[in-house]
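What follows is one structure encoded as structure tokens, with my remarks underneath.
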2 protein chains.
Amino acid sequence: MVEPGAAAAWRNAAAEVAATSDENALELVELFFFAYRDFVGDADRLLGNYGFGRAHHRVLHFVNRRPGLTIAALLDILRITKQSLNRVLKQLLEAGFVEARAGVVDRRQRLLFPTPLGGTLARDLAALQSARFLKVMEELPPAARGAASEFLFAMIDSDERERVRAHLACAKAAGDAP
Amino acid sequence: MVEPGAAAAWRNAAAEVAATSDENALELVELFFFAYRDFVGDADRLLGNYGFGRAHHRVLHFVNRRPGLTIAALLDILRITKQSLNRVLKQLLEAGFVEARAGVVDRRQRLLFPTPLGGTLARDLAALQSARFLKVMEELPPAARGAASEFLFAMIDSDERERVRAHLACAKAAGDAP
DNA sequence: AGATTTATGTCAATATAGTTGACGTAAATA
DNA sequence: TATTTACGTCAACTATATTGACATAAATCT
């Protein structure tokens with residue numbers, strides 16, 4: 001039980017709360033809060049340089065990850081109203097970080113693409129957040145690494161998982177080509 | 001590779017993104033976003049019944065988990081300004097969900113406690129969010145359960161982990177007594 | 001061809017949650 | 001006594017979201 005070193009110490013603390021009791025579930029609730037709090041903080045400084053906020057970040061991120069995304073698909077991902085999306089999207093379009101082209105099969109749709117400028121910012125932001133995950137994966141014992149992503153996937157509403165999985169597959173395919 | 005069943009399918013998908021490459025870190029970023037999006041959604045309906053929002057939830061949660069919390073400690077946890085805290089805290093005080101007592105050792109401090117009413121709501125809200133974790137833990141292979149909390153802990157800023165660990169220990173102690 | 005639905009844009013009002021800045025007060029401390 | 005600390009408060013502002021109503025062009029149905 002008494003291992004030396006801070007890393008071992010917090011690992012003990014973490015393992016201690018892993019059991020499936022109510023009390024320990026509560027501790028996971030708090031860990032999730034703190035983890036997300038720090039996670040989203042990473043990108044904020046960089047965004048401030050461009051006069052953008054987190055809402056712009058989310059839009060830019062998903063447009064960059066899934067070029068050709070429609071408005072409807074983006075609304076579905078973000079779970080906000082079109083009026084709310086429109087404000088930040090308009091700013092991203094006007095500032096030249098995102099561009100919209102009429103859909104080829106359905107010309108009512110506006111397909112969203114990152115501009116080179118937008119792609120660069122999206123990658124810079126993504127690098128910040130990826131860095132946290134890469135560091136975490138290094139810190140974690142190899143056996144726990146797959147578990148982390150299984151855990152996150154299981155945290156998603158069960159009726160949403162298929163959609164998320166499709167999104168990830170689509171983003172991966174988009175990332176392979178260019 | 002070809003296992004039957006949806007559970008096996010998404011487990012494969014999750015395991016696939018677990019490697020420590022940049023591309024896969026990006027997928028973890030998105031999984032984290034989706035997981036948190038669904039996680040915070042759970043409590044919103046219940047909060048609406050009381051005319052409260054997420055800000056109230058966070059305050060009530062931490063006051064309930066750590067009775068006798070000072071304003072300064074709460075500000076440190078939430079990372080917001082005192083003006084922003086004051087608005088929601090005042091509402092919780094006036095509505096009788098939280099009460100403040102002058103500190104005994106330092107009478108400038110206001111120690112925050114949940115009222116019976118506040119404690120009940122806090123537990124109802126916590127039950128909703130705990131339920132998600134308990135369900136996830138059931139879905140996950142036992143070996144992955146400890147890994148989930150290790151992962152969340154590792155996602156916290158390293159210079160914040162000691163504080164969070166102290167907070168968890170304190171909350172646990174507070175939860176044991178009553 | 002005409003009617004309807006769909007995808008999207010937009011105007012307006014409002015709510016919630018946060019910010020910065022300035023100032024006040026009571027209690028602890030040097 | 002002077003200063004610092006813990007907290008409260010007024011004001012103006014920003015960011016992000018909401019609901020509701022209405023507009024338009026393109027696709028689709030009958």
Side-chain angles (χ1 to χ4, degrees), chain A residues 33 36-37 40-41 43-63 68-95 98-113, chain B residues 33 36-37 40-41 43-63 68-95 98-113:
Chain A
F33 167 78
Y36 197 78
R37 180 195 68 175
V40 296
D44 284 357
R45 220 180 15 171
L46 182 53
L47 285 163
N49 297 343
Y50 294 84
F52 292 146
R54 288 179 193 174
H56 304 86
H57 184 188
R58 290 194 284 267
V59 171
L60 183 59
H61 173 92
F62 285 109
V63 168
L69 200 65
T70 65
I71 301 288
L74 192 47
L75 289 177
D76 186 60
I77 288 172
L78 299 176
R79 296 261 179 93
I80 57 176
T81 58
K82 63 179 175 177
Q83 295 90 329
S84 191
L85 170 60
N86 206 253
R87 179 181 45 86
V88 300
L89 181 56
K90 203 188 287 186
Q91 290 169 357
L92 286 168
L93 288 164
E94 283 168 2
V98 170
E99 67 176 16
R101 305 173 202 158
V104 278
V105 39
D106 183 339
R107 280 176 33 203
R108 289 171 306 182
Q109 293 182 326
R110 297 176 78 199
L111 309 186
L112 303 172
F113 296 86
Chain B
F33 167 78
Y36 197 79
R37 180 195 68 175
V40 295
D44 285 357
R45 221 181 15 171
L46 182 53
L47 285 162
N49 297 342
Y50 295 83
F52 292 147
R54 288 180 193 173
H56 303 87
H57 184 189
R58 289 194 283 267
V59 170
L60 183 59
H61 173 93
F62 285 108
V63 167
L69 199 64
T70 64
I71 301 287
L74 192 47
L75 289 176
D76 187 59
I77 287 171
L78 298 175
R79 299 261 181 90
I80 56 176
T81 58
K82 64 179 175 177
Q83 294 91 329
S84 191
L85 171 60
N86 205 252
R87 179 174 42 81
V88 300
L89 180 57
K90 202 189 290 185
Q91 290 169 358
L92 286 168
L93 288 164
E94 284 168 1
V98 170
E99 67 175 17
R101 306 174 201 157
V104 278
V105 40
D106 183 339
R107 280 174 35 203
R108 290 171 306 180
Q109 293 182 326
R110 297 177 79 199
L111 309 186
L112 303 172
F113 296 86

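The sequence lines fix the lettering, A, B, ..., with proteins before strands; numbering per chain opens at 1. If you're wondering where the values come from, they're calculated on a predicted model, not measured in any experiment.
Panel note: side chain Arg37(B), backbone Ile77(A); a donor-acceptor pair is recorded below 3.5 Å.
Here the rule is side-chain contact (heavy atoms from CB on, under 4.5 Å) with Arg54(A), and of Val88(A), Asp44(A), Val59(A) only Asp44(A) fits it.
If you take CG of Asp76(A) and C1' of dT6(C), they are 16 Å apart, rounded to a whole angstrom. Spacing between atom CG of Asn86(B) and atom C1' of dA17(C) amounts to 14 Å, rounded to whole angstrom units. What separates CD of Gln109(B) from C1' of dT25(C) is a distance of 16 Å, to the nearest Å. The distance from atom CG of Leu92(B) to atom C1' of dT16(C) is 14 Å, rounded to the nearest whole Å. As rounded to whole Å, 16 Å separates atom P of dT6(C) from atom CG of Leu75(A). In this structure, the CG atom of Leu93(A) is 13 Å from the P atom of dT8(C), given to the nearest Å. Remark: P of dA27(C) and CG of Leu111(B) are 15 Å apart, rounded to the nearest angstrom. With rounding to whole Å, Ile71(A) atom CD1 is found 10 Å from dT10(C) atom P.
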Base versus backbone protein contacts along nucleotides 15-28 of chain D [heavy-atom cut-off under 4.0 Å; B, S, -]: -BBBBBB----BS-
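In this structure, Arg79(B) places its CZ atom where more than 12 heavy-atom neighbours from other residues, nucleotides or ligands lie under 6.0 Å away.
At a threshold of 4.5 Å between non-hydrogen side-chain atoms, the residues Asp106(A) and Gln109(A) count as touching. Contact annotation: the side chain of Leu46(A) approaches that of Asn49(A) to within less than 4.5 Å [non-hydrogen atoms, C-beta and beyond].
Cation-pi geometry between Arg58(A) and Phe33(B) is not met: the NZ or CZ atom fails to fall both under 6.0 Å from the ring centre and inside 45° of the normal.
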